[in-house]
**Student:** 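Please read through the structure below; I'll follow up with questions.
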Amino acid sequence: QVQLVESGGGSVQAGGSLRLSCAASGDPYNRYYMGWFRQAPGKEREGVAVIYTRAGSTYYGDSVKGRFTISQDNAKTTAYLQMTALKPEDTAIYYCASAGRPLWDHDVFRPDKYSYWGQGTQVTVSS
């Protein structure tokens, strides 16, 4: 079992920055990947950024490349999402998730590959 708790969401004006944190506890063998997904009203859940915890490899969705950075602490128990140059279209509930097995690169943004999810944190970007 893995427990994930997100924090750091809030409201910001366009062009601003926020940093989200995801604190993980429980079985470390179920945290091959930690990822950030988001879901806006009426839209499907979208993969934002993922980190392969063993090697630190990172993956980014096209809409956030160059603006968002995913990282982890040395203990590999907390994942961060640094968001800069925020846009109104980044408004969504952001979820942290973990996957407990190796994934093909083309699967890292599939929500159904992740077994554990946090409760989500709201990010609102105003224009």
Side-chain angles (χ1 to χ4, degrees):
Q1 290 289 327
V2 175
Q3 294 77 42
L4 303 170
V5 179
E6 304 102 332
S7 60
S11 297
V12 65
Q13 290 194 326
S17 300
L18 282 174
R19 188 174 86 152
L20 305 183
S21 299
C22 174
S25 59
D27 186 357
Y29 294 100
N30 271 319
R31 301 199 301 262
Y32 273 82
Y33 297 82
M34 290 186 70
W36 288 96
F37 293 76
R38 67 186 181 187
Q39 189 163 21
K43 294 190 176 181
E44 292 187 354
R45 192 163 294 191
E46 171 192 21
V48 174
V50 171
I51 187 165
Y52 175 49
T53 62
R54 268 59 173 171
S57 312
T58 57
Y59 306 80
Y60 294 96
D62 289 341
S63 62
V64 306
K65 281 179 183 175
R67 300 188 299 122
F68 291 11
T69 303
I70 189 170
S71 61
Q72 61 182 350
D73 66 349
N74 290 338
K76 301 178 183 178
T77 59
T78 302
Y80 303 98
L81 185 68
Q82 179 68 48
M83 305 184 292
T84 63
L86 282 161
K87 306 174 181 180
E89 51 264 43
D90 294 318
T91 295
I93 299 175
Y94 283 70
Y95 297 91
C96 178
S98 72
R101 55 185 176 176
L103 298 176
W104 295 106
D105 283 358
H106 59 258
D107 283 340
V108 298
F109 287 132
R110 287 183 52 177
D112 63 319
K113 296 297 185 181
Y114 291 76
S115 301
Y116 301 97
W117 292 84
Q119 81 285 356
T121 186
Q122 177 71 47
V123 171
T124 302
V125 184
S126 58
S127 57

**Student:** Please tell me whether Val108 and Val2 are part of a single hydrophobic cluster in this structure, the criterion being side-chain heavy atoms less than 4.5 Å apart.
**Tutor:** no
**Student:** For Val64 and Trp36, what are the C-alpha separation, side-chain angles and deciding distance, and is it a side chain to side chain contact (heavy atoms under 4.5 Å, CB included)?
**Tutor:** CA-CA 11 Å; Val64 306; Trp36 288 96; over 6 Å; no
**Student:** Taking side chain as C-beta onward, heavy atoms only, is Ser63 less than 4.5 Å from Glu89?
**Tutor:**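 Of all side-chain heavy-atom pairs linking Glu89 with Ser63, none is under 4.5 Å.
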**Student:** Below 4.5 Å, heavy atoms only, C-beta onward: do Gln122 and Thr91 meet side chain to side chain?
**Tutor:**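 Yes; the side chains approach each other to less than 4.5 Å.
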**Student:** When clusters are formed by joining ILVMFWY residues with side-chain heavy atoms under 4.5 Å apart, either directly or through shared neighbours, do Tyr94 and Val125 land in the same one?
**Tutor:**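 Yes, one cluster joins them.
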**Student:** Is it the case that the side chain of Thr84 and the backbone of Arg67 share a donor-acceptor pair, with hydrogens and angles ignored and the cut-off at 3.5 Å?
**Tutor:**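 Confirmed, Thr84 side chain pairs with Arg67 backbone.
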**Student:** After noting the C-alpha distance and the side-chain angles of Asp90 and Lys87, does the key distance pass the salt bridge (charged side-chain N to carboxylate O under 4.0 Å, His left out) rule?
**Tutor:** CA-CA 5 Å; Asp90 294 318; Lys87 306 174 181 180; over 6 Å; no
**Student:** Does CD in Gln13 sit with more than 12 non-hydrogen atoms of other residues, nucleotides or ligands closer than 6.0 Å?
**Tutor:** no
**Student:** Same cluster or not: Leu20 versus Tyr59, using hydrophobic residues (I, L, V, M, F, W, Y) connected whenever any side-chain heavy atoms lie under 4.5 Å apart?
**Tutor:**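 The answer is no; the residues belong to distinct hydrophobic clusters.
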**Student:** For residues Leu103 and Trp117: do they belong to one hydrophobic cluster (side chain heavy atoms under 4.5 Å, members Ile, Leu, Val, Met, Phe, Trp, Tyr)?
**Tutor:**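 Yes, it is one cluster - the side chains of Leu103 and Trp117 are joined through contacts under 4.5 Å.
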**Student:** Could you pull out all residues at least two apart from Tyr95 that satisfy ring pair (Phe, Tyr, Trp, His ring centres under 6.0 Å)?
**Tutor:** none
**Student:** Under 6.0 Å from the CD atom of Gln1, do we count more than 12 heavy atoms belonging to anything else shown?
**Tutor:** no
**Student:** If you define the side chain from C-beta out and look only at heavy atoms, does anything of Ile70 sit under 4.5 Å from Tyr60?
**Tutor:** yes
**Student:** Heavy atoms, side chains only, cut-off 4.5 Å: are Gln39 and Pro111 in contact?
**Tutor:** no
**Student:** Just wondering, do Lys113 and Arg101 contact through their side chains at under 4.5 Å, heavy atoms?
**Tutor:** yes
**Student:** Where does the angle between the aromatic ring planes of Phe37 and Phe109 fall among parallel (under 30°), tilted (30 to 60°) and perpendicular (over 60°)?
**Tutor:**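 Rings of Phe37 and Phe109: perpendicular, over 60°.
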**Student:** Can you confirm whether Tyr114 sits close enough to Val50 that some side-chain heavy atom of one is under 4.5 Å from a side-chain heavy atom of the other?
**Tutor:**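 Sidechains of Val50 and Tyr114: in contact.
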